[in-house]
Amino acid sequence: MANSPVVVIGISYRDRGANTAKITFYTVWTLAIADVLALADILSAALAGITDAALYRIDILYRWRADSPPAPAESSNIARKALLLITNDDLDINAVVIPSPGDIFEITGDYAGIRVDLLNPAIAAFQLALADLDYRTDDDRQLGQVVAAGGLAL
Amino acid sequence: MTFRRFVHDLEPAPAPDVCEIASFPIAVVPFALGALESRTPRHVWAPDSYYRGVQLIRSLQMALLCGGLKEITDRQDDLYRMIDTALYGRSYVVVSTDPELVIEPPIQPTRLLAIEDDGSILGRMETIKQLLDNGINGATTPQYDRANGIRDLLEQLIAQVDATDDLDPELLAKLAEIALLVA
């Protein structure tokens, strides 16, 4: 049951000392977002008489987990990361950190093995997906294109 | 016992931003990117500084990945070799291109005034100088060794005409005038 699709509703409270705590509820995967929001409102209203902490945030998460995920590639290692710098419609630079990058790095030149090859077919496909769909930054900007990317040693 | 200091409430210097060109070993790029990335969480920055602070971090990450300084210095080297070949006639050869471009001979800190090919600009000027020196003065040069120059031939001609005394005086005056011009 734990792996079944589910919607997670997180309702967060803050006390006078700026400490925070979250109450988590779950509901069915098939509910539309508006219905889940309404449910969260009802829950938080019901909790208002129980707690005197201040409601400050609601997180809604549609969660899916693979029941039988495929075996990871032999070379996979999420300690390795690649940083993709992506423009948005306000000409800011946003970043996506890719865990365990595959063979996407430049193979010749001074930046071989360090910089991601933006002409790599996988990067080009990712680029197309960004351009075609309405992916947003957390401040609601339309993502643009990958302008630079490289390996990340964290 | 591990002591970890959490960075928070950073505030970048106010705009406008003055830019600088820096030189760095490319091998440090992944580490620099990682170190900079650790400064991108929201809690690192003072509330009013988050947006600007992170954009400054992103701009430096981009600069590290885009490089460019080596391309500039490489183009300077290309320009030096072009001028060296054009002026002195020095030949440069591409020894390899992978993993990096290697061109021989390497560029030296100083350059001797030595012409390496007669087809170069200075080589052609030297050829013209020798031609004039030999042609006018009759001086023996590495490229030209004709025994008599124009000046010698004119002097011989004038002396011969003087001796025979039967040349038109006007023609003789013109010969003397040419001799003066090449003197």
Side-chain angles (χ1 to χ4, degrees), chain A residues 12 14 18-20 56-57 59 77-101 104-120 123 127 136-141 143-154, chain B residues 4 7-9 12 15 17 19 23-45 47-75 77 94 96-103:
Chain A
S12 298
R14 178 180 284 149
N19 304 300
T20 62
Y56 80 101
R57 169 172 162 167
D59 294 298
N77 178 1
I78 60 167
R80 295 186 295 104
K81 297 177 194 303
L83 177 75
L84 272 57
L85 298 176
I86 306 170
T87 58
N88 66 27
D89 60 10
D90 201 29
L91 299 181
D92 299 327
I93 307 169
N94 298 92
V96 172
V97 175
I98 305 292
S100 193
I104 57 172
F105 292 92
E106 294 180 7
I107 55 174
T108 58
D110 297 322
Y111 277 83
I114 288 177
R115 191 162 56 189
V116 170
D117 180 6
L118 298 186
L119 300 178
N120 181 285
I123 299 296
Q127 189 83 266
R136 298 261 152 183
T137 65
D138 67 348
D139 58 348
D140 200 27
R141 296 287 183 186
L143 282 174
Q145 60 177 358
V146 179
V147 285
L152 198 61
L154 285 171
Chain B
R4 181 173 291 177
V7 179
H8 60 92
D9 288 342
D17 298 312
C19 292
S23 175
F24 54 85
I26 292 172
V28 83
V29 168
F31 303 99
L33 290 178
L36 288 166
E37 193 63 20
S38 71
R39 297 294 184 269
T40 57
R42 192 176 287 272
H43 71 266
V44 168
W45 299 93
D48 293 340
S49 300
Y50 172 69
Y51 176 80
R52 173 168 161 71
V54 170
Q55 283 307 302
L56 286 173
I57 295 288
R58 297 290 179 223
S59 67
L60 183 51
Q61 287 177 321
M62 186 126 109
L64 287 167
L65 282 168
C66 292
L69 189 59
K70 186 171 188 310
E71 288 179 27
I72 294 172
T73 55
D74 282 351
R75 294 294 86 77
D77 286 351
V94 176
S96 71
T97 56
D98 189 21
E100 62 180 12
L101 180 65
V102 177
I103 297 176

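Here the structure is a predicted model, which is why all the values come from computation and not from measurement. Each chain gets a letter, A, B and so on, in the order the sequences are listed, and its residues count up from 1.
Proximity to chain A is limited to the side chain of B:Gln55, based on heavy atoms less than 4.5 angstrom apart. The parts of A:Ala95 that come within reach of chain B are both its backbone and its side chain, each placing non-hydrogen atoms under 4.5 angstrom from that chain. Proximity to chain B is limited to the backbone of A:Ala149, based on heavy atoms less than 4.5 angstrom apart. Contact annotation for B:Leu64: only backbone heavy atoms (N, CA, C, O) come within less than 4.5 Å of a heavy atom of chain A.
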Next on the checklist: For A:Ile123 and A:Asp117: C-alpha separation, side-chain torsions, deciding distance, then whether side-chain contact (heavy atoms from CB on, under 4.5 Å) applies.
Outcome noted: CA-CA 8 Å; A:Ile123 299 296; A:Asp117 180 6; over 6 Å; no
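Contacts of A:Asn19 classified as side-chain hydrogen bond (donor to acceptor under 3.5 Å, both in side chains), with partners at least two apart in sequence or in another chain: A:Asp15. Residues that satisfy the side-chain hydrogen bond (donor to acceptor under 3.5 Å, both in side chains) test with B:Tyr51, not counting sequence neighbours, are A:Asp92.
More than 12 heavy atoms of other residues, nucleotides or ligands shown are found within 6.0 angstrom of CZ on A:Arg136.
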